[in-house]
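In what follows, every heavy atom counts, from backbone to side chain, and hydrogens, waters and symmetry copies are set aside. Sequence lines set the chain letters: A, B, ... in the order given, protein chains first and strands last, and positions in each chain run from 1.
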Amino acid sequence: MIPITRFAPSPTGFLHIGGARTALFNWLYARRYGGRFHLRIEDTDRARSTPEAVEAIFAGLQWLGLTWDGEAVFQFARAARHAAVAHFLLERGLAYRCYCTPAELAAMRESARQAGRPAGYDGRWRDRDAGETPAGIAPTIRLRAPRAGETIIDDLVQGRVRVANEQLDDMVLLRADGTPTYMLSVVVDDHDMGITHVIRGDDHLTNAFRQSQISQAMGWEAPRFAHIPLIHGADGAKMSKRHGALGVEAYRVGFLPEAMRNYLVRLGWGHGDAEIFTTEQAIAWFDITDVGRGAARFDLVKLTALNAHYLREADDARLVKHIRPLLETLLGGPMEDRGLDRLRAAMASLKVRARTVTELAEAALFYVRPRPIPLSDTARQQLAACDPAFLAELAALIAAHAGPWTARGLEENFRLLAEGKGLALGKLAQPLRAALTGATISPPLFEVMHILGQEETRARLNDVMRKEGNI
RNA sequence: GUCCCCAUCGUCUAGAGGCCUAGGACUCCGCUCUUUCAAGGCGGCAACACGGGUUCGAAUCCCGUUGGGGACGCCA
């Protein structure tokens with residue numbers, strides 16, 4: 001069977017990390033078996049759905065590279081079809097009108113709970129005559145669900161799960177205002193869209209029982225279900241929009257999409273000892289039946305480690321482009337071409353030292369800062385502890401540097417000086433590093449000097465000497 | 001309260017009865033390399049929740065306990 005999957009978020013907030021993984025699994029499964037992956041926006045909650053959230057979902061999926069087939073389906077637009085299905089069931093006697101008020105239902109739930117019974121609707125309108133209908137109350141339409149027996153789901157992840165039908169109540173299909181409920185809409189849309197595999201969070205597992213009852217009533221074959229475990233936060237509880245989850249856009253600045261994909265797919269799924277692999281490999285290896293049943297915790301530290309890896313692998317020009325806006329924000333203005341040239345030259349050794357794009361930008365900042373560059377506290381201390389005469393000596397060496405201004409040539413020169421004075425190379429490298437980068441840690445010093453150029457190097461050292469001399 | 005699901009190092013996982021004195025990754029700690037910091041290389045700490053079965057043999061199968069999670073809406 002060629003799978004047709006779907007990701008069906010409700011646009012009531014950002015696309016959160018758990019939703020992103022659900023989308024990823026659906027996408028992976030469809031790709032793996034040459035099927036199709038659809039996007040359906042479940043916007044039937046008119047009060048809470050927003051166009052901004054729809055945009056956030058589109059943007060989040062696009063960022064992750066999870067392209068969907070065809071046009072996104074907006075569920076609300078199909079409300080008439082959903083209502084028609086409800087009426088069809090009503091006519092067949094497979095559904096009925098219920099005239100309970102919300103207050104009555106609340107009281108029902110309360111007393112059921114007190115009595116230790118399942119807290120659902122008791123079916124009091126299930127078999128009443130039409131003549132008994134109260135005036136002035138708009139009814140809902142409820143499914144006439146089976147009362148005996150059990151409903152069984154053969155879940156691709158959870159295995160065979162069964163529940164006694166007496167645990168399930170007669171769910172509302174159509175609200176009093178005539179709009180369909182989620183439960184109905186999902187079943188109708190999945191059917192109409194030809195969805196073969198419903199891959200979603202296992203918070204929907206109990207919904208699957210109800211949905212399969214609707215399918216049954218309509219005489220439709222229910223899709224295969226695969227309920228994947230939720231992602232939990234660091235506290236071990238469900239991560240959701242309502243509970244501490246961040247939207248994927250919160251990660252877009254600092255993380256690479258390939259890192260996020262790799263991280264997310266490893267949450268609940270693995271392929272032997274494989275830790276770092278391409279999306280193509282993931283597609284080739286992925287199978288929904290291999291997904292584990294235990295919930296996984298979201299671990300930012302590991303995501304960061306993965307991101308560091310992908311940062312090192314990433315193309316230099318791409319990263320320069322990526323950090324440019326961050327840098328311009330830090331700088332408070334546009335960057336000169338000269339700065340871009342420096343970044344391109346420096347990126348190779350900058351990127352191996354950063355774990356996030358944000359860190360990368362911060363570490364790159366000294367290259368593009370206008371003089372005099374600010375010094376960190378530790379850099380300042382190192383410089384203050386330095387004999388001004390020594391700094392002058394370094395400056396002289398720089399000014400007098402003959403031959404090509406290359407990392408290698410500079411290193412040779414400074415090694416000679418160090419040897420002549422009986423000093424370790426670090427003794428002269430550190431004050432220079434502090435002066436040129438404003439920090440005590442940086443990419444290799446002679447590379448920095450090379451990229452900065454002789455003039456800038458000389459000037460930065462001078463800045464420091466003047467200031468130190470004035471102390 | 002009722003129902004459902006889950007349970008291997010701190011975290012993510014490998015493991016589908018003997019290959020397990022339980023493997024990998026992240027974290028942490030050493031060592032190495034080294035002009036700083038990284039990266040790299042080498043090494044280390046660290047787990048089958050507990051109790052019963054089944055079996056010649058169980059991390060792997062069954063039952064129970066405990067712990068965790070989820071669902072119980074005219075939300076999705």
Taking CG from Asn307(A) and P from C12(B), how many angstroms apart are they, rounded to a whole number?
-> 20 Å
Rounded to the nearest Å, what distance is computed from the NE2 atom of residue His204(A) to the P atom of nucleotide C75(B)?
-> 15 Å
Who pairs with U65(B) - Watson-Crick or G-U, where each distance is under 3.5 Å | A49(B)
In whole angstrom, what separates Arg293(A)'s CZ from U60(B)'s C1'?
-> 12 Å
Between C20(B) and G15(B) - C1' atom distance, rounded Å = 9 Å
Write down the distance separating the C1' atoms in U65(B) and A71(B), rounded off to the nearest Å.
-> 24 Å
Look at the side chain of Arg48(A) and the base of C75(B), then say whether one donor and one acceptor between them are separated by less than 3.5 Å.
-> yes
Check nucleotides 35-44 of chain B for protein N or O atoms closer than 3.5 Å to its own N or O atoms and list the pairs.
from, atom 1, to, atom 2, distance (Å)
U35(B), OP1, Arg415(A), NH1, 3.4
U35(B), OP1, Arg415(A), NH2, 2.5
U35(B), O2, Arg433(A), NH2, 2.5
U36(B), O4', Gln430(A), OE1, 2.9
U36(B), O2', Thr440(A), O, 3.1
U36(B), N1, Arg433(A), NH2, 3.2
U36(B), O2, Arg433(A), NH1, 3.4
U36(B), O2, Ser442(A), N, 2.8
U36(B), O2, Ser442(A), O, 3.1
U36(B), N3, Arg433(A), NH1, 3.2
U36(B), N3, Ser442(A), O, 2.6
U36(B), O4, Pro444(A), N, 3.3
C37(B), O2, Arg353(A), NE, 2.5
C37(B), N3, Arg353(A), NE, 3.2
C37(B), N3, Arg353(A), NH2, 2.8
A38(B), O2', Val352(A), O, 2.6

Selected nucleotide, minimal atom distance to Thr206(A) side chain, candidates A71(B), G73(B), A76(B) | A71(B)
Which part of the nucleic acid, if any, lies within reach of Leu105(A) when heavy atoms closer than 4.0 Å are counted: base, sugar-phosphate only, or nothing?
-> base
Pairing nucleotide - G30(B), Watson-Crick or G-U, each distance under 3.5 Å = C42(B)
Say you pick atom C1' in C6(B) and the same atom in A59(B); how far apart are they, in whole Å?
-> 16 Å
Classify the nucleic acid contact of Ala119(A) as base, sugar-phosphate or nothing, counting any heavy atom under 4.0 Å across all strands shown.
-> base
Upstream residue (5' side of RNA chain B) when Trp269(A) and Gln75(A) are each assigned their closest nucleotide = Trp269(A)
Paired to U55(B) by Watson-Crick or G-U wobble criteria (both distances under 3.5 Å) is none
Are the aromatic ring centres of Trp125(A) and Tyr99(A) under 6.0 angstrom apart?
-> yes
Whole-Å C1' distance, A58(B) and G52(B) | 14 Å
What nucleic acid atoms does Cys98(A) come within less than 4.0 Å of, heavy atoms only: base, sugar-phosphate, or nothing?
-> nothing
Assign Asn207(A) to base, sugar-phosphate, or nothing according to its heavy-atom contacts below 4.0 angstrom with the strands shown.
-> base
For nucleotides C48(B) and A7(B), find the distance between their P atoms and express it as a whole number of Å.
-> 16 Å
If you measure from the Lys or Arg side-chain nitrogens to the Asp or Glu carboxylate oxygens, is any gap between Glu313(A) and Lys351(A) under 4.0 Å?
-> no
May I ask you to decide if the ring planes of Trp405(A) and His401(A) are parallel, tilted or perpendicular, using 30° and 60° as cut-offs?
-> perpendicular
Interatomic distance, Leu174(A) CG vs C75(B) P [rounded to whole Å] = 11 Å
Polar side chain donor-acceptor pair, Thr437(A) to Arg433(A), under 3.5 angstrom = no
Specify whether Trp269(A) and Phe277(A) have parallel, tilted or perpendicular ring planes, treating 30° as the upper limit for parallel and 60° as the lower limit for perpendicular.
-> perpendicular
Residue from Val320(A), Leu319(A), Leu327(A) passing side-chain contact (heavy atoms from CB on, under 4.5 Å) with Leu360(A) | Leu319(A)
So does Asp189(A) pair up with Arg81(A), basic N to acidic O under 4.0 Å?
-> no
Distance, P atom - from U54(B) to G73(B), rounded to whole angstrom = 44 Å
So, Tyr96(A) and Asp170(A): side-chain donor and acceptor under 3.5 Å apart, yes or no?
-> yes
Ion pair Lys421(A)/Glu419(A), N-O distance below 4.0 Å | no
On a whole-Å scale, what distance lies between the P atoms belonging to A14(B) and C33(B)?
-> 38 Å
Do Arg6(A) and Asp190(A) meet the salt-bridge criterion of a basic N to acidic O distance under 4.0 Å?
-> yes
Select base, sugar-phosphate, or nothing to describe what Ala176(A) touches, counting heavy atoms under 4.0 Å on all strands.
-> base
Interface polar pairs with nucleotides 22-25 of chain B, N/O, under 3.5 angstrom:
from, atom 1, to, atom 2, distance (Å)
G23(B), N2, Asp273(A), OD1, 3.3
G24(B), N2, Arg266(A), NH2, 3.3
G24(B), N2, Glu275(A), OE2, 2.5
G24(B), N3, Glu275(A), OE2, 3.1
A25(B), O4', Glu275(A), OE2, 3.3
A25(B), N3, Lys302(A), NZ, 2.8

Counting only Watson-Crick or G-U wobble pairs whose two distances fall under 3.5 Å, which nucleotide matches A71(B)?
-> U2(B)
Arg266(A): what forms a salt bridge (charged side-chain N to carboxylate O under 4.0 Å, His left out) with it, not counting sequence neighbours?
-> Glu275(A)
Distance between the P atoms of C9(B) and G51(B), in whole angstroms?
-> 16 Å
Hey, which sits more toward the 5' end of RNA chain B by its nearest nucleotide, Asp203(A) or Val163(A)?
-> Val163(A)
Looking at Thr44(A), does any N or O in its side chain come under 4.0 Å of the phosphate oxygens OP1/OP2 on A76(B)?
-> yes
Nearest-Å distance for atom pair NE2/P, residues His16(A) and A76(B) | 16 Å
Is the shortest distance from a Lys or Arg side-chain nitrogen in Glu456(A) or Arg460(A) to a carboxylate oxygen in the other one below 4.0 Å?
-> yes
Taking atom C1' of C72(B) as reference, at what distance in whole Å does atom CD of Glu166(A) sit?
-> 15 Å
Give His227(A) one of three labels, base, sugar-phosphate or nothing, depending on what nucleic acid heavy atoms sit under 4.0 Å from its own.
-> nothing
How is Arg297(A) classified with respect to the nucleic acid when contacts are heavy atoms under 4.0 Å: base, sugar-phosphate, or nothing?
-> sugar-phosphate
Is Arg355(A) touching bases, backbone alone, or none of the nucleic acid, heavy atoms closer than 4.0 Å?
-> nothing
In whole Å, what is the span from the CZ atom of Phe277(A) to the P atom of U13(B)?
-> 12 Å
Closest of C6(B), C75(B), A71(B) to the Arg175(A) side chain is C75(B)
Whole angstrom is fine here: how far is it from CD in Glu42(A) over to C1' in C75(B)?
-> 11 Å
